[in-house]
Amino acid sequence: MIERLKKWFAKPLSNTGEALDPDNIPTHVAIIMDGNGRWAKSRGLPRMAGHHSGMKTVKRITMAADRLGVKYLTLYAFSTENWKRPKAEVDFLMKLPQEFLSIELDDLMRNNVQVRMMGYKENLPDYTLEAVEEAIRKTANNTGLVLNFALNYGSRKEMIDAVRCIGNEVKQGRLDPDHIAERHMESFLLSTGLPDPDLLIRTSGELRISNFMLWQLAYSELWFTDVYWPEFQDEHFYEAIREYQRRARRYGGL
Ligand code: FPP
């Protein structure tokens with residue numbers, strides 16, 4: 001690990017010439033990968049070409065995160081609201097995990113990456129779920145970067161479900177309402193077991209959270225870029241982390 005860091009921090013990691021601090025790499029980076037459609041349109045291509053190109057960015061940024069020593073990378077691949085898109089686009093998006101994993105799983109294994117999923121399994125086509133579950137199974141013992149796909153994920157639903165579970169605990173007499181604490185919510189969220197994101201990145205110039213990890217982002221640093229996801233490069237990722245390293249995180253304190 002030390003050798004790997006030396007290799008990557010010995011030279012400045014961006015065209016600004018300023019090196020990253022290896023002791024202050026965010027543990028968990030979450031990304032809203034936005035702008036696939038606009039990227040395609042700007043090139044006169046169908047939207048699907050944007051999503052396909054975005055899939056290649058997924059691999060590129062996964063590897064960049066791994067090299068930097070990021071421990072968790074959560075990628076918003078499909079929201080509970082994305083079902084409203086035209087069927088052809090939904091079908092295409094649902095095939096991407098399978099295509100991605102058929103190409104990249106061996107390399108993810110070689111790089112000790114552990115694949116996880118955060119989202120609702122219901123409504124996912126069998127081929128999508130099977131591909132993701134196979135990757136989760138095969139990589140379960142890997143100890144490197146955790147690559148967490150937010151797939152059919154929606155934060156309000158996640159929180160309502162958690163509140164429902166807490167209500168049930170109260171009803172069964174296992175939990176006193178006066179003792180309900182953050183840890184109870186967290187134990188029922190889909191992200192249970194993951195630390196909260198330290199840094200949220202959203203590409204494409206939109207300044208919204210879009211129902212993504214609303215509870216978990218309470219104290220995350222937010223970083224936005226106009227760059228569309230298909231053209232998001234390692235250097236943009238380093239720039240986000242550099243900005244993160246400039247910020248003072250106070251968690252409400254002084
Ligand atoms: C938002 O951009 C993007 C999505 C809804 C899908 C994101 C999916 C990928 C980047 C590929 C995922 C790959 C794997 C391996 C799961 P948009 O289409 O809404 O762009 P627009 O706002 O410009 O129209």
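Every number for a ligand or one of its atoms is a count from 1 in the order of the listing.
Taking distance alone, with nitrogen or oxygen atoms compared against 3.5 Å, Gly37 approaches ligand 1 more closely than that limit. Any N or O atom pair closer than 3.5 Å counts here, and Arg47 shares at least one such pair with ligand 1. Checked against a 3.5 angstrom limit, the closest N/O atoms of Arg38 and ligand 1 fall inside it.
In this structure, the side chains of Lys95 and Thr128 stay at 4.5 Å or more apart for every pair of heavy atoms. Annotation: side chain of Phe212 is in contact with side chain of Tyr153 (closest heavy-atom distance under 4.5 Å).
Of all the heavy atoms of Leu101, none lies under 4.0 Å from any atom of ligand 1, so neither backbone nor side chain is involved.
Of the protein's non-hydrogen atoms, the one nearest atom 2 (O) of ligand 1 is Asp34 OD1, 3.2 Å. Protein heavy atom in closest approach to atom 13 (C) of ligand 1: Val58 CG2, 4.0 Å. Regarding atom 14 (C) of ligand 1, its nearest protein heavy-atom neighbour is Phe149 CE2, 4.2 Å. Closest to atom 3 (C) of ligand 1, if we only count protein heavy atoms, is Met33 O, 3.2 Å. The protein heavy-atom contact nearest to atom 10 (C) of ligand 1 is Asn36 ND2, 3.3 Å.
Less than 4.0 angstrom separates some heavy atom of Ala77 from each of these atoms of ligand 1: 6 (C), 7 (C), 8 (C), 16 (C). Per-residue contacts place Asn82 under 4.0 angstrom from the following atoms of ligand 1 (heavy atoms of the residue considered): 5 (C). Set against the non-hydrogen atoms of Leu93, the atoms of ligand 1 under 4.0 Å away are 6 (C). Below 4.0 Å from some heavy atom of Phe100 lie the following atoms of ligand 1, by number and element: 15 (C). The ligand atoms of ligand 1 that sit less than 4.0 angstrom from a heavy atom of Leu96 are 11 (C). Ligand 1 places these atoms under 4.0 Å from at least one heavy atom of Trp229: 10 (C). Interface atoms of ligand 1 facing Arg85, defined by a heavy-atom separation under 4.0 Å, are 5 (C), 17 (P), 18 (O), 19 (O).
Note on Val58 and Met48: same hydrophobic cluster, where clusters join Ile, Leu, Val, Met, Phe, Trp and Tyr whose side-chain heavy atoms are under 4.5 Å apart, directly or indirectly. Cluster membership check: Leu75 does not share its hydrophobic cluster with Phe224, using side-chain heavy-atom separations under 4.5 Å among Ile, Leu, Val, Met, Phe, Trp and Tyr.
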Assess the residue pair Arg242 and Glu239 against the criterion (salt bridge (charged side-chain N to carboxylate O under 4.0 Å, His left out)); give the C-alpha distance rounded to whole Å, side-chain angles, the decisive distance to 0.1 Å, and a yes or no.
CA-CA 5 Å; Arg242 181 168 299 100; Glu239 190 50 46; 3.1 Å; yes

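Proximity of Ser204 to ligand 1 is not established, as no heavy-atom distance is less than 4.0 Å.
Annotation for Met117 and Asn148: closest pair C-OD1, 3.6 Å, computed over non-hydrogen atoms.
Other residues, nucleotides and ligands place no more than 12 heavy atoms under 6.0 Å from the CZ atom of Arg156.
Between Arg38 and Glu206 there is a salt bridge, since a side-chain N of the basic residue sits under 4.0 Å from a carboxylate O of the acidic one. Under 4.0 Å is where a charged nitrogen must lie from a carboxylate oxygen, and between Glu134 and Arg137 no such pair does.
For the side-chain contact (heavy atoms from CB on, under 4.5 Å) with Asp91, the lone residue among Glu89, Lys87, Met94 that qualifies is Lys87.
A cation-pi contact links Lys157 to Tyr120, judged by a cut-off of 6.0 Å to the six-membered ring centre and 45° from its axis.
Of the listed residues (Met117, Glu89, Gln98, His51), the one carrying the non-hydrogen atom nearest atom 18 (O) of ligand 1 is His51.
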